[in-house]
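Reviewing the structure listed below.
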Amino acid sequence: MVQSCPEASPVKWHQAHTTWFFETFVLRPFLVDYKPFREEFRRLFNSYYLSLDEEIPEKKLRGSFSRPSLEEVVAFRAYVDQEMGRLLARPVEEEASRRILLGLNHEQQHQELALTDIKHAFFSNPLRPPYQGASSAKGAEWPIPKLRWMGVEGGMVEVGHAANAEDPQDFCFDNETPRHKVYLEPFQIANREVTCREYLEFISDDGYGLPGMWLSEGWDMVRRAGWEAPLYWERDAGDEAGWRVFTLRGWQGLANLLDTPVCHVSFFEADAFARWRGCRLPTEAEWEHVASRKRPTGNLLDMGMLHPAAARTEEADQLFGDCWEWTASAYTGYPGYRPLPGTLGEYNGKFMSAQMVLRGGSCVTPADHMRATYRNFFPPAARWQFSGVRLAV
Ligand SMILES: [Fe+2]
């Protein structure tokens, strides 16, 4: 039940809330004789759907839910699973199956959040326990490809999800639609993500002390929060590179991670690093145009690494998995965007202010959750997600 920062939620809450989603949006409306597990859960595990309840418990209080106990939350899950089985035993209405697909994708999002939140919770614990196994990092066993620029012609391109009515598994979130045309000037994009070694050069060059490199709001954050490195980096005189990094497998010396992508940086840091290198971040349309030609595979959750890995090929690498990549694009609706009808319209649409888009998934994103059109979004100062940098010019 630990909640170590306001952005994070306890794992028990994630479990209850993903269960709540099926109870609220599938079982209550579509299973005629459904009896709710416990009436209060309707409000307790509502995350942000104001058209269901006007008074939702404040997010920062989720760590105070000592009751219901974990046992009761597990029983809630088992009950909802059993009732979902009863619903699925008969032919299911089209709207119900759409919501079930949404509920499954919602749960995958929370599987990722559970890991990012556990990482933050364990980092906040003075014992700094590993989540899984002990560190065995030895450094990359292959020569990491040099940073190379890939030229892209640009022109009129299409981005956004193209619905495929033939495929019953076809899914995207409403914010990936409609597919639309975008004009791209010719550009170049890096063949891989920025490494810890490259980011360390920025730190050594006093990148965190040069106001000219930073957006105004970013510079204010650097000074207010005392940032001097990515989240989870700590100075370590015993490490050859001078730092150690907290991972889901415990502490690892930075010297062994130098060729792996830098992770847990904010948009402000990604942007400042790019400026310092004389580059910029790609826009989300540029990123998608390049990524849509690749298969959405990589170091995703199913690989079991739980940490970004060094790039392997000279070709566009690490587009999917390793780290989410901050883009230069603000999160807003595509031309002609319409949120889902009803309460579920609150899923994505109402967050379209003051956030930046990230692309490509991370080492804790479930593999079959990822696709080229997927849009993630976080406030520009957020660092607790597995977020990194790809450069463009
Ligand atoms: Fe949720």
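Along the sequence shown, the residues carry numbers beginning at 1. Because the structure is predicted, anything quoted here is derived from the model rather than measured. When a ligand or atom number is given, it counts from 1 through the structure's own listing order. Side chains included, hydrogens not; waters and symmetry mates left out as well; all remaining heavy atoms used.
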### For Ser204, all residues meeting side-chain hydrogen bond (donor to acceptor under 3.5 Å, both in side chains), sequence neighbours excluded
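Per chain and number, Ser204 pairs via side-chain hydrogen bond (donor to acceptor under 3.5 Å, both in side chains) with no residue.
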
### Query
Going by the ring pair (Phe, Tyr, Trp, His ring centres under 6.0 Å) test, which pairs reach into residues 352-376, not counting sequence neighbours?
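Applying ring pair (Phe, Tyr, Trp, His ring centres under 6.0 Å) to every pair that reaches into residues 352-376, excluding sequence neighbours, yields Phe173-Tyr374, Trp324-Tyr374, His369-Tyr374.
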
### Task
Taking the Fe ion (ligand 1) as the centre, count the protein N/O/S atoms lying under 2.8 Å from it.
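Every protein N, O or S atom under 2.8 Å from the Fe ion (ligand 1) counted, the figure is 3.
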
### Task
Could you tell me which non-hydrogen atom of Leu184 sits nearest to which non-hydrogen atom of Ala285, and how far apart they are?
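Looking at all heavy atoms of both residues, the shortest contact is CD2-CB, 4.0 Å.
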
### Query
Can Glu288 and Thr373 be counted as having a side-chain donor-acceptor contact under 3.5 angstrom?
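No donor-acceptor contact under 3.5 Å links the two side chains.
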
Extract all donor-acceptor atom pairs below 3.5 Å that involve side chains of residues 303-315 and protein atoms in other chains or at least two apart in sequence.
residue, atom, partner, partner atom, Å
Thr313, OG1, Asp317, OD2, 3.4
Glu314, OE1, Arg148, NE, 3.3

### Task
Take Arg383 and Ser266 through the test side chain to side chain donor-acceptor pair (under 3.5 Å) and record every step on the way to the result.
CA-CA 5 Å; Arg383 311 210 291 174; Ser266 63; 5.6 Å; no

